[in-house]
Structure formats: C-alpha cells, structure tokens
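The figures here come from the full heavy-atom set of this structure, side chains too, leaving out hydrogens, waters and symmetry mates.
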Amino acid sequence: MLGPDQPIIIHMLDTEKAAEALNGLKMELIDGAFPLLRGVVATTDVVEACRDVNIAVMLGGKPRQEGTERKDCISMNVSIYKAQASALEQHAAADCKVLVVANPANTNALILKESAPSIPEKNITCLMRLDHNRALGQIAEKLKVRVSDVENIIIWGNHSSTQYPDVNHATVATSSGQRSVRDLIADNEWLNTEFITTVQQRGEAIIKARKRSSVLSAASAVCDHMHDWLLGTPKGTWVSMGVCSDGSYGIPPGLFYSFPVSCQNGEWSIVQGLKIDEFSRAKMDATANELIEEKSQAYLCLDRFCSLSSTSDEE
C-alpha cells in the first residue's frame, strides 16, 4: 500500500465483544512474518487505537440491513463516528490522512468532518475506488484487454446505486496508441445502460452470489486509494476519490462526492476542465441530490445527538 520499503505499525480497533477474535487476528499478523510489519496494537480503546496514527482506515460502522431505512442507518452511525472523530482529532498525528470505508461512506465522512473540525477537510476522504475498479474491470472484460491498459474512467457522486460511472474521457492503450473507450466499444446503448447498472449494482450482485459483501476487492481498493493518494498518480491520469466538494462541476460545496482526482506529494486535486454532456449532467445531478438529502439527515442526527449529550451532561 505504501511501497516496498515503508515499515508500518498496525493499530486495530474493535468492540469488547470482538476482542478475542481481534487478538486472534493479531496472532495471524505476527505469524505472517511480514518484513515491513514492525508492530501490532489490538485494542478496544479508541484512544489507544488512534494515538499517533498517520493513516486511519475507518472500516467500522452500522451497515444498512434489509428493512432498514437509509436515514436510520445514518442515525446509528452518528454516535460511532462522533466518538472516533473526537479520538482522531485529539490523539492522531497532525497530518493524519483518513479514509472512510463503512457505508454510507460519503455521509459518514461528512459526519466525521463535522465532528472533528480541526482535521483539515483535505485529509478526509471516502472510498470510491472499489466502484472505479469495478468499472475498469467491466471495460477490460468487454474489450478483452488488460485492466492496466484502461485509464481515466470516472465515478461521479455517491457510493450507492445512484453513482455515475462515466467513460467519456476513458482510454485504452492499444498497439496504435491511446484509443477512446467509446470508439473501441462502439456501442453507446450498452455503455449508457447495462454498463452503468452493472457497476452500480455490483455490490448487491456479489452479496447475492456469495451471501457476503465484497471483501477482497474492497481491501484491494483501500490499498489502491491510499497508495495513489500518498505516492501519486501517473502524469495525465486520474482516479476516483470521494472528497469534500469545492463547487467543481457545479456540485454543491461541502458534499463528499466522488470526483476524478490526480495526486502528487501526498495531496489530491480535482481534475478540472472536463467536458460534461447533457446525459452526464443529469446523472451527476441525480447522485448529488441524493447526497444533499443524506447531508440534511446527517445534520438532523448530529443536532439530535448533541442535544441528547447536553441533556446527559446537565443531569
């Protein structure tokens, strides 16, 4: 994730209920004899887990289950992310980079940002690389090329079924040079319908097939995200990351929204100047509207949580 020469110490946090299993995982990490692993901290104490960390990958959260409304899921995650945000703000390294993975990832990242105002918003991101990689995989399969030959796909928006996988700027490396994905596939109907829905619903399809959510592909996407954020993206290429909108492409500021970004010297920047057609504009706005609604729900939950905390303190 951080290159072939970077030693690491892993801090793992879980609940008291999972403490025994967490210790078993620590044993396995030690038994793996990984040359770059210089230490393992397995704890149920959020302060100990966050102390001096440079990278925080937020895997924990209350997942949405069948019959659970999205707003209820957001409400349940407020208490989790308030506590963890506070611990990160007070005990992590000043330059700590945060990646939120637990769903709803975009809005959980927003909750974390609001709950830890001293952490720079540029240091908080959410995982959209899994969707990005899924889109790369679909195009590579369709064209029967290596996935590494496909570049500059974009995932716009939310990590949900409203996300917009966009190939309008994507290219494939061929023997005759870079070629447009649209030109090579030559099937706009497939690209504008089946391709989009396949990527949007891939997580659900995996759950249906294996009765569990994505694990290996999600872990790989986390590594890809952090690797490119810290070590950089190749010149002329970009990846998809959920970041705090600055108003680019007409997306309301403050939303955690997936954009095309390039990375250099440990900093990301939104790629500017890409042409957006009417079809794309409608898709981008639809997923932004969902995030606007989630943001409103998150703020209501945060206000309610703060009111309850104040009442408890007075009592």
* Mind listing the closest non-hydrogen atom pair of Ser213 and Ile207 along with its distance? =>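 Shortest heavy-atom contact: CA-CG1, 3.6 Å.
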* **Where Ser214 and Leu130 come nearest, the two heavy atoms and their spacing** =>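 Here Ser214 and Leu130 meet closest at CB-CD2, 4.3 Å.
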Expected output: side-chain [X] to main-chain [Y] donor-acceptor under 3.5 Å:
X	Y	answer
His159	Asp131	no
Asp52	Ala93	no
Ser245	Gly254	no
Tyr257	Met284	yes
Arg182	Ile185	no
Ser280	Ile276	no
Asp228	Thr233	no
Thr237	Pro234	yes
Asn106	Gly157	yes

* To do: Tell me, please, whether Trp268 has Lys122 positioned over its six-membered ring: NZ or CZ under 6.0 Å from the ring centre and within 45 degrees of its axis?
  =>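 Judged by the rule (NZ or CZ under 6.0 Å from the ring centre, within 45° of its axis), Lys122 counts as positioned above Trp268.
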* Asked: So among Lys82, Gln84, Gln90, Glu89, which one has a side-chain hydrogen bond (donor to acceptor under 3.5 Å, both in side chains) with Ser86?
  ->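 Going through the options one by one, the only one that passes is Gln90.
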* To do: Give me the ring orientation class for His225 and Trp229: parallel if the planes are under 30° apart, tilted from 30 to 60°, perpendicular past 60°.
  =>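 His225 vs Trp229 ring planes: perpendicular.
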* Taking the inter-plane angle between the rings of Phe195 and Trp190 on a 0 to 90° scale, is it parallel (under 30°), tilted (30 to 60°) or perpendicular (over 60°)? ->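 Taking Trp190 first and then Phe195, their aromatic rings sit tilted (interplane angle of 30° to 60°).
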Rounded to the nearest 0.5 Å, what separates atom [atom1] in [X] from atom [atom2] in [Y]?
X	Y	atom1	atom2	value
Leu37	Ile30	CG	CD1	8.0 Å
His91	Cys96	NE2	SG	13.0 Å
Ser240	Arg129	OG	CZ	8.0 Å
Arg179	Ser176	CZ	OG	5.5 Å
Lys26	Asp31	NZ	CG	12.0 Å
Asn123	Glu121	CG	CD	10.0 Å

Examine [X] and [Y] and state if one hydrophobic cluster contains both, with Ile, Leu, Val, Met, Phe, Trp and Tyr joined whenever side-chain heavy atoms are less than 4.5 Å apart.
X	Y	result
Leu59	Met1	yes
Leu99	Ile124	no
Tyr164	Val150	yes
Val222	Ile155	yes
Val98	Val261	no

Indicate yes or no: at least one non-hydrogen side-chain atom of [X] is less than 4.5 angstrom from one of [Y].
X	Y	result
Met128	Phe259	no
His227	Leu2	no
Ile196	Gln163	no

* Can the ring centres of Tyr249 and Trp156 be said to be less than 6.0 Å apart? ->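 Judged by ring-centre distance (under 6.0 Å), Tyr249 and Trp156 do meet the cut-off.
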Indicate whether the side chain of [X] and that of [Y] have a donor and an acceptor atom separated by less than 3.5 Å.
X	Y	result
Asn103	Asn108	no
Asn158	Glu290	yes
Asp246	Ser248	yes
Thr44	Glu16	yes
Ser115	Tyr81	no

* For the side-chain contact (heavy atoms from CB on, under 4.5 Å) test, which of Val199, Leu191, Val147 pairs with Ile139? ->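 Going through the options one by one, the only one that passes is Leu191.
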* To do: Could you tell me whether Asp285 and Arg281 make a salt bridge, using a distance below 4.0 angstrom between a side-chain N and a carboxylate O?
  =>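 Arg281 and Asp285: salt-bridged.
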